Amino acid sequence: MSALAELYQEIANCQDCGLAKHRTKVVPGEGPEEAALLFIGEAPGWNEDQQGRPFVGPAGAFLDQLLASIGLSRREVYIANVIKCRPPQNRDPLPAEIQACRKWLDRQIEIIHPRMIITLGRYSLARYFPNESIGKIHGKARKLDNVIYYPMYHPAAALHQGSLRQVIEADMLKIPQILAQGEEVAEAAVEAQQLSLF
Ligand code: URA
């Protein structure tokens, strides 16, 4: 059994917060173990809870279009959420629920070892950039320990606020170039370190 399949079994048995008793299906995430890109959303909604798969409702349809705009399909990337079970009535996840679920995403990231982590919306943004606002830092990549972090608005934001659609589309289109340049950035950093020795 693959490392991810084993992890999915553990997640399916999780009872670490109150959301477990409300769920129809747990939504661990999906995609290849060797994916270079990892997208992190917020929480499963109604459709995801029914199917046990992330981003299969209207926001997911838009995410599929965004991926297609850079020549990718969802089968080629990994898609996960900050929490793995749907909050009742799609309410915002509570801090305790996010904390209880944190270990699962940590382990997914350890297994997948993505080159680029794309945060979708404020909850996944807060995991990496707790005090920053999406309005200021969306579409700006940063590199830490050889992983590129790239904050984007949540695709559902475009469904509620049409003016954000173009912003999200433009941010997505930048991803291939950022990935391609990622290696150069790493090399430049090593050189800079060596230079500073003298
Ligand atoms: N919104 C999310 O953040 N995640 C999903 O899986 C679906 C909608």
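Indexing begins at 1, ligand by ligand and atom by atom, following the structure's order. Only a predicted model underlies this, so the values are computations on that prediction, with no experimental measurement involved.
Ligand 1 has no nitrogen or oxygen under 3.5 angstrom from a nitrogen or oxygen of Ala59.
Residue-environment remark: NE2 (His113) stays at or below the threshold of 12 foreign heavy atoms within 6.0 Å. Other residues, nucleotides and ligands place no more than 12 heavy atoms under 6.0 Å from the CD atom of Gln177.
Applying salt bridge (Lys or Arg N to Asp or Glu O under 4.0 Å) to Glu97 and the options Arg102, Arg23, Arg91 leaves one that passes, Arg91.
Scanning the protein heavy atoms around atom 4 (N) of ligand 1, the nearest turns out to be Asn81 OD1, 2.7 Å.
Under 4.0 angstrom from ligand 1, the non-hydrogen atoms of Glu42 come from both its backbone and its side chain. For Ala43, every heavy-atom contact with ligand 1 shorter than 4.0 Å involves the backbone, none the side chain.
The distance from ligand 1 to the heavy atoms of Gly41 drops below 4.0 Å at these ligand atoms: 3 (O).
Contact between Cys14 and Trp104 at its shortest, heavy atoms only, is SG-NE1, 3.5 Å.
A cation-pi geometry, defined here as NZ or CZ lying under 6.0 Å from the six-membered ring centre and within 45° of its normal, holds between Arg165 and Phe62.
Heavy atoms of His154 come nearer than 4.0 angstrom to ligand 1 in at least one pair.
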